Number of protein chains: 2
Amino acid sequence: MKPLSHPAVDDLTVEGILHALSDPVRAAIFADIAQSACAQNCSNFLQVKERDIPKSTLSQHFRTLREAGLIRGERQGVEMQNTSRCAEIDRRFPGLIPAIMKAHQVQSGAKRGAGGQGRKRA
Amino acid sequence: MKPLSHPAVDDLTVEGILHALSDPVRAAIFADIAQSACAQNCSNFLQVKERDIPKSTLSQHFRTLREAGLIRGERQGVEMQNTSRCAEIDRRFPGLIPAIMKAHQVQSGAKRGAGGQGRKRA
DNA sequence: TCCATAGTTCGGAACTTTAGAACTATTGAA
DNA sequence: TTCAATAGTTCTAAAGTTCCGAACTATGGA
């Protein structure tokens with residue numbers, strides 16, 4: 001099989017990272033991978049944020065995240081295990097990923113009203 | 001004349017901000033506006049980073065930055081004065097803009113050799 | 001071997017971006 | 001007031017990107 005190339009940390013670009021995280025589906029996927037202790041496979045995300053994402057689209061999103069250097073994907077048997085590259089990125093662009101993740105949290109927190117855990121209404 | 005609408009700070013989205021800054025031309029324009037004490041007009045950017053940008057394209061880039069809430073544009077006579085909305089944004093998404101600007105500096109600093117001080121000359 | 005599962009690639013439709021041409025708004029001079 | 005110049009916007013078509021169903025590839029198990 002093809003061994004799934006990942007860019008070196010010195011080749012990462014801010015544009016690539018921002019572009020990858022400027023899509024809400026990718027941002028949600030990345031947040032989930034970054035926050036979970038163990039690796040995540042793609043199929044765990046077929047319903048991201050109450051939407052059904054076709055798997056060809058998901059595959060493209062994972063590719064975008066990989067090519068931006070945000071995640072590392074490794075095949076384990078029939079599935080792909082994805083882990084975040086936060087620590088590496090943070091060495092090159094200190095504080096960038098945490099600031100973006102925190103902003104996404106502020107935004108989703110603000111949307112569902114302080115205190116309550118209401119459903120998002122588009 | 002049309003008074004050029006700007007989104008309220010509470011309506012800004014992280015996606016919009018990241019998308020706006022994921023284009024190198026817009027990132028350069030925004031960095032220049034954010035770093036300069038006085039307002040900047042569009043024509044100052046007809047050559048951004050050694051490239052000649054057609055003015056219709058520039059106008060679209062300014063519109064994207066305005067609609068993402070990153071800059072405020074106000075007509076002063078025949079030209080448009082642009083100022084950054086960093087302070088406002090920082091109240092809603094603390095640290096986001098500084099982290100992105102710093103990452104852009106790391107990237108351009110790394111590109112031109114470790115000694116430099118990040119800002120492109122010329 | 002064949003089948004099921006997980007993910008990728010292909011290709012066309014839908015959407016976005018780019019940039020030249022035409023346009024609008026403002027200023028200043030005649 | 002009219003004309004010309006300057007600054008920026010809007011129009012529109014071509015180029016580029018993204019989305020998603022269908023077909024495909026890779027792995028593991030019966």
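Chain naming here is simple, since letters A, B, ... match the order of the sequence lines and numbering starts at 1 in each. For clarity, every value in this text was computed on a predicted model and none was experimentally measured.
Dashed line: the shortest gap from a side-chain N or O of A:S43 to OP1 or OP2 of C:dT5 is not under 4.0 Å. OP1 and OP2 of C:dT8 both lie 4.0 Å or more from every side-chain N or O belonging to A:R75. Between A:S56 and D:dC20, a side-chain N or O to OP1/OP2 separation shorter than 4.0 Å is absent. The side chain of A:R66 contributes an N or O atom lying less than 4.0 Å from OP1 or OP2 of C:dT8. Of the side-chain N and O atoms in B:H19, one or more sit less than 4.0 angstrom from OP1 or OP2 of C:dT17. In this structure, A:S59 reaches the C:dT8 phosphate: one of its side-chain N or O atoms is under 4.0 Å from OP1 or OP2.
Among the nucleotides C:dT18, D:dA7, C:dA6, the one closest to any side-chain atom of B:E79 is D:dA7. In the set C:dA6, C:dA19, C:dT8, C:dT8 carries the atom at the smallest distance from any side-chain atom of A:M80. The side chain of B:N41 has D:dG8 as its nearest neighbour among D:dC20, D:dG8, C:dG7. Checked against D:dG8, C:dT18, D:dC20, the side chain of B:Q60 finds its nearest nucleotide in C:dT18.
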Derivation of the side chain to side chain donor-acceptor pair (under 3.5 Å) call for A:Q47 and A:D52
CA-CA 5 Å; A:Q47 287 88 23; A:D52 272 299; 2.9 Å; yes
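If you measure from atom CZ of A:R63 to atom P of D:dC20, you get 16 Å, rounded to the nearest angstrom. Rounded to whole Å, the distance from CG on B:L58 to C1' on C:dT17 is 14 Å. The nearest whole Å value for the distance from the CD1 atom in A:I53 to the C1' atom in D:dG21 is 15 Å. Rounded to whole angstrom, the span from the CG atom of B:N44 across to the C1' atom of D:dT6 amounts to 14 Å. Rounded to whole Å, the distance from CG on A:D52 to P on D:dC19 is 16 Å. Residue A:N82 contributes atom CG, which lies 12 Å from atom C1' of C:dA6 at whole-angstrom precision. A straight line from CD of A:E74 to C1' of D:dT27 spans 16 Å, rounded to a whole angstrom. To the nearest angstrom, C1' of D:dT9 lies 13 Å from CD of B:E67.
For the residue pair B:Q81/B:E79, the side-chain donor-acceptor check at 3.5 Å is satisfied.
Counting any heavy atom pair closer than 4.0 Å across all strands shown, B:R51 reaches no nucleic acid atom.
The residue among B:R26 and B:Q76 whose nearest nucleotide of DNA chain C is located toward the 5' end is B:R26. Residue-to-nucleotide proximity on DNA chain D shows that, of A:H61 and B:F62, the 5′-proximal contact is made by B:F62.
Contact check on A:E88 versus A:R85 returns a salt bridge, with a Lys/Arg side-chain nitrogen under 4.0 Å from an Asp/Glu carboxylate oxygen.
Not a single donor-acceptor pair under 3.5 Å links the side chain of A:N82 to the backbone N or O of A:A39.
Among A:I100, A:I97, A:I17, the one residue that satisfies the side chain to side chain contact (heavy atoms under 4.5 Å, CB included) test with A:F30 is A:I97.
Between B:P24 and B:R51, the closest heavy-atom pair is CG-NH2, 4.0 Å.
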